[in-house]
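Heads up, the thing below is written out as structure tokens.
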Protein chains: 2
Amino acid sequence: MPCQKRCGSQWWHGKVKDCGYRITAGREAIIDTLAATHDHLSAEDVYSRIHARFPNVGLTTIYRTLDMLAQAGLVSRFDFGDGKSRYELTQGPKGEHHHHHLVCTECKRVIDYTDFIDDELELLRRTEKGLSQKYNFRIDNHMIQFYGVCKDCLRDQP
Amino acid sequence: MPCQKRCGSQWWHGKVKDCGYRITAGREAIIDTLAATHDHLSAEDVYSRIHARFPNVGLTTIYRTLDMLAQAGLVSRFDFGDGKSRYELTQGPKGEHHHHHLVCTECKRVIDYTDFIDDELELLRRTEKGLSQKYNFRIDNHMIQFYGVCKDCLRDQP
DNA sequence: TCCTTAATGGAAACAGTTTCCAATAATAAC
DNA sequence: GTTATTATTGGAAACTGTTTCCATTAAGGA
Ligand SMILES: [Mn+2]
Ligand SMILES: [Mn+2]
Ligand SMILES: [Zn+2]
Ligand SMILES: [Zn+2]
């Protein structure tokens, strides 16, 4: 399918082109889908949300593209313990705030939180500096997740 | 196989029994294997390390047991991005220190670190308290990982 | 020792992801 | 605009880590 409709979401074109990648209708659709939600979508999730409007974007392309976007840093990949990779935009079109996750080990629900994020980031910065010096390790990224039982699951089981 | 040889590692028997589980030769072998290393073993890794001495412990049992031990909190499961779950003892026989991880996204090597761990744990405690109150979420556990490029991979590629 | 029932191994099924390749479309060169 | 180059593509099939199934075995309490 020719790339006719560029739904106006061009904020990410630069980054993708800089990495030597081309702009295609499929990539457009995938990024739009991720930008339209705060959910943590699996590849299948993305596929089914796109498929109605773009029946000719295959699941393989979704996997390839998510991989490539993660490589480029535009998308973050997570494992919340339900057997599939889950993805979200690293940074939305409006530069939303970086956040961490609260994962319910019962129902697998995930809560984004930004509370205490300033303290956390401040500590992380210090830690990163120390670690990268001590281990000669270039740190690009970090992940913090808390695991436990969510409000609803707590109620359901004493 | 009858459970004849209890290589002296009984420190974990209590916890397993308390959860209503039985002590078996397979479980013995699996915990011994995890206790004998600081590596982050996959199920296959455990299997191949055990198989020479216990040819009659099947891979299925390894999966089941690791799962059960993770449930019981004796073992921690990690995803370092190489497509398989990796396991380590949450706490060794001598009560070793809790630690976090530095993951190389190039070669997938993992470094355990305990530097700054006190500051980290102190912040985590505060954060956990705040989060559990705000979201009515019982927090059991946390995970911190830093991602980047290790010393060796940095040298290999400008 | 016997009995109940959890635990087991191996084969087969499963599910998420990757590979393969011929066809197509995005960009660069003109 | 046209053409040439080369990345990207969809779909089928392969792959791989993990789970399920079920008949057999053995742990632990009586
Ligand atoms: Mn999130
Ligand atoms: Mn470790
Ligand atoms: Zn829950
Ligand atoms: Zn490395």
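Just so it is clear, the structure is predicted and the values come from calculations on it, not from any experiment. Excluded from the calculations below are hydrogen atoms, water molecules and symmetry mates; all remaining heavy atoms, backbone and side chain alike, are included.
The residue B/Ser42 sits apart from the nucleic acid: no heavy atom pair falls under 4.0 Å.
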Could you run down the sub-3.5 Å N/O contacts of the protein with nucleotides 10-14 of chain D?
unit_1, atom_1, unit_2, atom_2, d
D/dG10, OP1, A/Asn56, O, 2.8
D/dG10, OP2, A/Asn56, O, 3.3
D/dG10, OP2, A/Gly58, N, 2.2
D/dG10, OP2, A/Thr61, OG1, 3.2
D/dG10, N7, A/Arg64, NH2, 2.8
D/dG10, O6, A/Arg64, NH1, 3.2
D/dG11, N7, A/Thr60, OG1, 3.2

Using a cut-off of under 3.5 Å, enumerate the N/O to N/O pairs linking the protein to nucleotides 5-7 of chain D.
unit_1, atom_1, unit_2, atom_2, d
D/dT6, O2, A/Arg22, NH1, 3.4
D/dA7, O4', A/Arg22, NH2, 3.3

Under 3.5 Å, which protein N or O atoms sit close to an N or O of nucleotides 1-3 of chain D? Give each pair with its distance.
none

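No side-chain donor-acceptor contact under 3.5 Å links A/Thr37 to the backbone of A/Leu34. A donor-acceptor distance shorter than 3.5 angstrom exists from the side chain of B/Ser132 to the backbone of B/Lys129, with no hydrogens or angles considered.
Between B/Phe146 and B/Tyr113, the angle of the ring planes lies from 30° to 60°, which puts this pair in the tilted group.
Under the salt bridge (Lys or Arg N to Asp or Glu O under 4.0 Å) criterion, the residue pairs touching residues 136-150 of chain B are B/Arg138-B/Asp140, with sequence neighbours excluded. For the salt bridge (Lys or Arg N to Asp or Glu O under 4.0 Å) condition, the pairs that include at least one residue of residues 103-114 of chain A, sequence neighbours left out, are A/Arg109-A/Asp152.
Under the side chain to side chain contact (heavy atoms under 4.5 Å, CB included) criterion, A/Ala35 pairs with A/Leu89, A/Pro93, not counting sequence neighbours. With sequence neighbours left out, the side chain to side chain contact (heavy atoms under 4.5 Å, CB included) criterion links B/Tyr63 to B/Ala43, B/Leu59. Looking at residues two or more places apart in sequence or on another chain, you find a side chain to side chain donor-acceptor pair (under 3.5 Å) between A/Lys134 and B/Asp115. Residues passing the side chain to side chain contact (heavy atoms under 4.5 Å, CB included) test with B/His38, sequence neighbours excluded: none.
Under 4.0 angstrom from either OP1 or OP2 of D/dT19 there lies no side-chain N or O belonging to B/Tyr63.
In this structure, CG of B/Asp67 is placed 10 Å from C1' of D/dT19, rounded to the nearest angstrom. B/Met68 has its CE atom 15 Å from the P atom of D/dT19, to the nearest Å. Atom C1' of nucleotide C/dT17 and atom CG of A/Asp45 are separated by 15 Å, given to the nearest angstrom. Atoms CZ (B/Phe54) and C1' (C/dA7) sit 16 Å apart, rounded to a whole Å. Between A/Lys17 atom NZ and C/dA26 atom C1' there is a gap of 10 Å when expressed in whole angstrom units. A/Ile30 places its CD1 atom 12 Å from the P atom of D/dT8, with the value rounded to the nearest Å.
Contact check on A/Asp39 versus A/Arg49 returns a salt bridge, with a Lys/Arg side-chain nitrogen under 4.0 Å from an Asp/Glu carboxylate oxygen.
Counting only heavy atoms from C-beta outward, the side chains of B/Asp119 and A/Thr127 never approach each other to under 4.5 Å.
Near-neighbour residues of DNA chain D inside residues 70-84 of chain A, defined by a heavy atom below 4.0 Å, are absent.
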Donor-acceptor pairs under 3.5 Å, side chain of residues 76-85 of chain B to any protein atom, not counting sequence neighbours: which ones?
unit_1, atom_1, unit_2, atom_2, d
B/Ser76, OG, B/Thr90, OG1, 2.8
B/Arg77, NH1, B/Tyr87, OH, 3.0
B/Arg77, NH2, B/Asp67, OD1, 2.7
B/Asp79, OD1, B/Gly81, N, 3.0
B/Asp82, OD1, B/Lys84, N, 3.4
B/Asp82, OD2, B/Arg86, NE, 2.9
B/Asp82, OD2, B/Arg86, NH2, 3.0

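As a member of the Ile/Leu/Val/Met/Phe/Trp/Tyr network built from side-chain separations under 4.5 Å, B/Leu123 groups with A/Leu123.
Using modelled atom types, one finds a donor on one side chain and an acceptor on the other under 3.5 Å when comparing A/Glu88 with A/His40.
Judged by closest nucleotide on DNA chain D, A/Gly26 is the one of B/Ala43 and A/Gly26 placed further toward the 5' end.
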